[in-house]
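Below is one structure, written out as structure tokens; the observations come after it.
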Amino acid sequence: MVGHGLRASATMGRLRTAVRTLADVDLPADELLTQLDDLVTHVAAEEETTTAYEPDIGAHAEAEAEADAGVDASAPLIATCLYVVYDPVSRRCTATAAGHPPPAFVTPAGVVDFADLRPGPPLGVGGLPFETVEWELPPGSLLVLYTDGLVQGEEHDLGSGLALLRACLERPAPSLEATCDHVIRTLLPERPQDDAALLLARTRALDAAHVAVWDLPSDPAAVAEARAEVLDRLAAWRLEEVAFIAELVVSELVTNAILYGRPPIRLRLIHEAALICEVFDGSGTAPHLRRARTFDEGGRGLLLVAQFAQRWGTRQHAGGKSIWAEIELPGRRA
């Protein structure tokens with residue numbers, strides 16, 4: 001967020017809440033930033049409208065209070081954002097940015113590079129699209145996210161700051177904490193003038209033994225076959241305790257895809273901290289949870305999924321959509 005004080009903090013809180021909400025509905029990365037950009041624009045417009053209709057005495061008193069609190073009410077409402085998604089199954093990373101420097105990554109071999117991402121305008125400028133880049137990260141890679149306050153300041157410009165960051169990341173360290181400490185000591189002065197943030201994450205991948213995929217025909221008879229395949233796989237994973245819930249969830253999701261979706265239809269199970277059931281189909285129409293009436297023959301499938309699964313949602317793809325449900329495993333917290 002550009003600026004400091006109560007106004008900037010309150011706006012950042014609203015943006016964080018919006019990001020969490022939009023991420024939960026699995027919006028594509030560029031569309032998520034577009035929604036955030038609209039939110040910042042609307043917040044700025046609300047502030048201008050409120051200021052325009054305030055009485056002079058009230059406006060003067062509020063301006064004095066904001067000045068005492070260190071708030072610059074005349075500053076434009078602008079924020080930068082970097083949104084990154086990593087898929088441990090496909091091992092692919094997706095990123096988009098609004099006025100934010102691109103992420104860096106370090107391969108297990110120690111090669112440091114920056115994502116080939118051209119940032120869009122900062123949030124609040126509006127009118128321009130956001131680009132998305134996607135690349136594959138080997139398991140065990142290091143993903144580095146940072147703000148411009150880390151690599152750009154009084155002691156070095158952006159180019160030299162990125163070069164220093166690359167040099168720090170090329171140096172082996174015993175832990176992520178040690179890497180962070182080395183980067184901070186190298187790039188930041190004792191009393192930095194701007195806020196700086198650094199986030200490091202080690203990627204991991206799920207091997208084939210933890211993922212099961214089945215291509216299903218668009219035939220109601222495939223539902224029983226899918227249930228049988230799922231029960232066999234859960235037995236191999238020693239997850240018989242969640243077999244009933246998984247069988248119910250898979251049955252409802254596959255049935256919905258066959259009746260209301262389009263081929264191709266694919267079922268995927270992911271065994272991680274939780275059991276994730278995903279059903280893909282070629283239709284872009286997302287289902288909605290509704291309460292079925294007494295004499296309705298349908299409409300209860302997603303209601304059952306929502307009741308038995310820990311979480312569920314839909315995700316749009318270029319060739320259709322997927323509906324997923326997350327089932328909590330006994331003795332574990334997802």
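Since this is a predicted model, take the numbers as computed values, not measurements.
- Between the side chain of Arg202 and the backbone N or O of Gly140, at least one donor-acceptor pair lies under 3.5 Å.
- Leu39 is not listed as a side-chain neighbour of Gln35, based on a closest heavy-atom distance of 4.5 Å or more.
- Remark: Leu169 CG to Thr186 OG1 distance equals 10.0 Å, nearest 0.5 Å.
- In this structure, Glu31 places its CD atom where more than 12 heavy-atom neighbours from other residues, nucleotides or ligands lie under 6.0 Å away.
- Between Thr17 atom OG1 and Met12 atom CE the span is 10.5 Å, to the nearest 0.5 Å.
- Not one N or O on the side chain of Ser141 forms a donor-acceptor pair closer than 3.5 Å with the backbone of Thr203.
- Not one N or O on the side chain of Ser322 forms a donor-acceptor pair closer than 3.5 Å with the backbone of Val279.
- Looking only at distances, no side-chain donor or acceptor of His182 sits under 3.5 Å from a matching main-chain atom of Cys168.
- For the pair Leu117 and Trp135, the minimum side-chain heavy-atom distance is 4.5 Å or more.
- Rounding to the nearest 0.5 angstrom, the gap separating the CH2 atom in Trp237 from the CG atom in Asp232 is 12.0 Å.
- No more than 12 heavy atoms of other residues, nucleotides or ligands lie within 6.0 Å of CZ in Arg118, so this atom counts as exposed by the packing criterion.
- Using a 4.5 Å cut-off on side-chain heavy atoms (C-beta onward), Glu229 and Leu267 make no contact.
- Across all their heavy atoms, Ala23 and Tyr83 have their closest contact at CB-OH, 3.5 Å.
- No hydrogens or angles considered: nothing links the side chains of Asp37 and Thr34 as a donor-acceptor pair under 3.5 Å.
- Within 6.0 Å of CZ in Arg204 there are 12 or fewer heavy atoms belonging to other residues, nucleotides or ligands.
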Given side-chain contact (heavy atoms from CB on, under 4.5 Å), test Val111 with Glu170 step by step and report yes or no. CA-CA 7 Å; Val111 178; Glu170 289 175 343; over 6 Å; no

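- The residues Arg227 and Glu247 are annotated as salt-bridged, a charged nitrogen and a carboxylate oxygen being separated by less than 4.0 angstrom.
- Closest approach of Ile265 to Ala257, counting heavy atoms only: CD1-O, 3.8 Å.
- Cluster membership for Leu188 and Leu162, using ILVMFWY side-chain heavy atoms within less than 4.5 angstrom, is shared.
- Here Gln152 contributes atom CD and Asp157 contributes atom CG; the two are 7.5 Å apart, rounded to the nearest 0.5 Å.
- A distance of 10.0 Å separates CD of Glu272 from CG of Leu329, quoted to the nearest 0.5 Å.
- Residues Leu216 and Ala226 share a closest heavy-atom pair of CD1-CB, 4.2 Å.
- No single ILVMFWY cluster, assembled from side-chain heavy atoms under 4.5 Å apart, contains both Tyr146 and Leu123.
- By the 30° and 60° cut-offs, the orientation of the rings of Phe244 relative to Phe308 is perpendicular.
- Hydrophobic clustering (ILVMFWY, side-chain heavy atoms < 4.5 Å, transitive): Leu199 and Leu150 are in distinct clusters.
- Residues Leu200 and Cys180 meet the side-chain proximity criterion, which asks for heavy atoms closer than 4.5 Å.
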Set out, in order, the CA-CA distance, both residues' side-chain angles and the distance that settles side chain to side chain donor-acceptor pair (under 3.5 Å) for Thr41 and Asp38, then state yes or no. CA-CA 5 Å; Thr41 302; Asp38 290 341; 5.3 Å; no

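- A distance of 8.0 Å separates CG of Leu302 from CD of Glu252, quoted to the nearest 0.5 Å.
- Panel note: side chain Thr147, backbone Ala197; a donor-acceptor pair is recorded below 3.5 Å.
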Let's go through Arg91 and Tyr86 carefully: what are the C-alpha distance in whole Å and the side-chain angles of both, what is the deciding distance for side-chain contact (heavy atoms from CB on, under 4.5 Å) to 0.1 Å, and is it a yes or a no? CA-CA 7 Å; Arg91 305 174 184 178; Tyr86 173 71; 4.2 Å; yes

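- One hydrophobic cluster, built from ILVMFWY side chains closer than 4.5 Å, cannot hold both Val84 and Leu36; they sit in different ones.
- Residue Asp219 qualifies as enclosed at atom CG: its count of foreign heavy atoms under 6.0 Å is above 12.
- Looking only at side-chain heavy atoms (C-beta outward), Phe130 and Pro121 come within less than 4.5 Å of each other.
- The backbone N or O of Val151 lies less than 3.5 Å from a partner atom in the side chain of His156, making a donor-acceptor pair.
- Between Leu234 and Glu240 there is no side-chain heavy-atom pair separated by less than 4.5 Å.
- Within the 4.5 Å cutoff, the side chain of Asp30 has no heavy atoms near those of the Pro129 side chain.
- Of all the heavy atoms in Glu136 and Pro138, the pair that sits closest is O-CD, 4.0 Å.
- Between Ser283 and Gly261 the shortest heavy-atom distance is CB-CA, 3.8 Å.
- The two residues Ala274 and Ile327 make their nearest non-hydrogen contact at CB-O, 3.4 Å.
- The number of heavy atoms from other shown groups lying within 6.0 Å of CZ (Arg266) does not exceed 12.
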After noting the C-alpha distance and the side-chain angles of Leu253 and Trp324, does the key distance pass the side-chain contact (heavy atoms from CB on, under 4.5 Å) rule? CA-CA 8 Å; Leu253 295 185; Trp324 58 269; over 6 Å; no

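- Looking at His271 and Leu269, their side chains never come closer than 4.5 Å, going by heavy atoms from C-beta outward.
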Verdict with supporting geometry, Val249 and Leu304, side-chain contact (heavy atoms from CB on, under 4.5 Å): CA-CA 8 Å; Val249 168; Leu304 290 174; over 6 Å; no

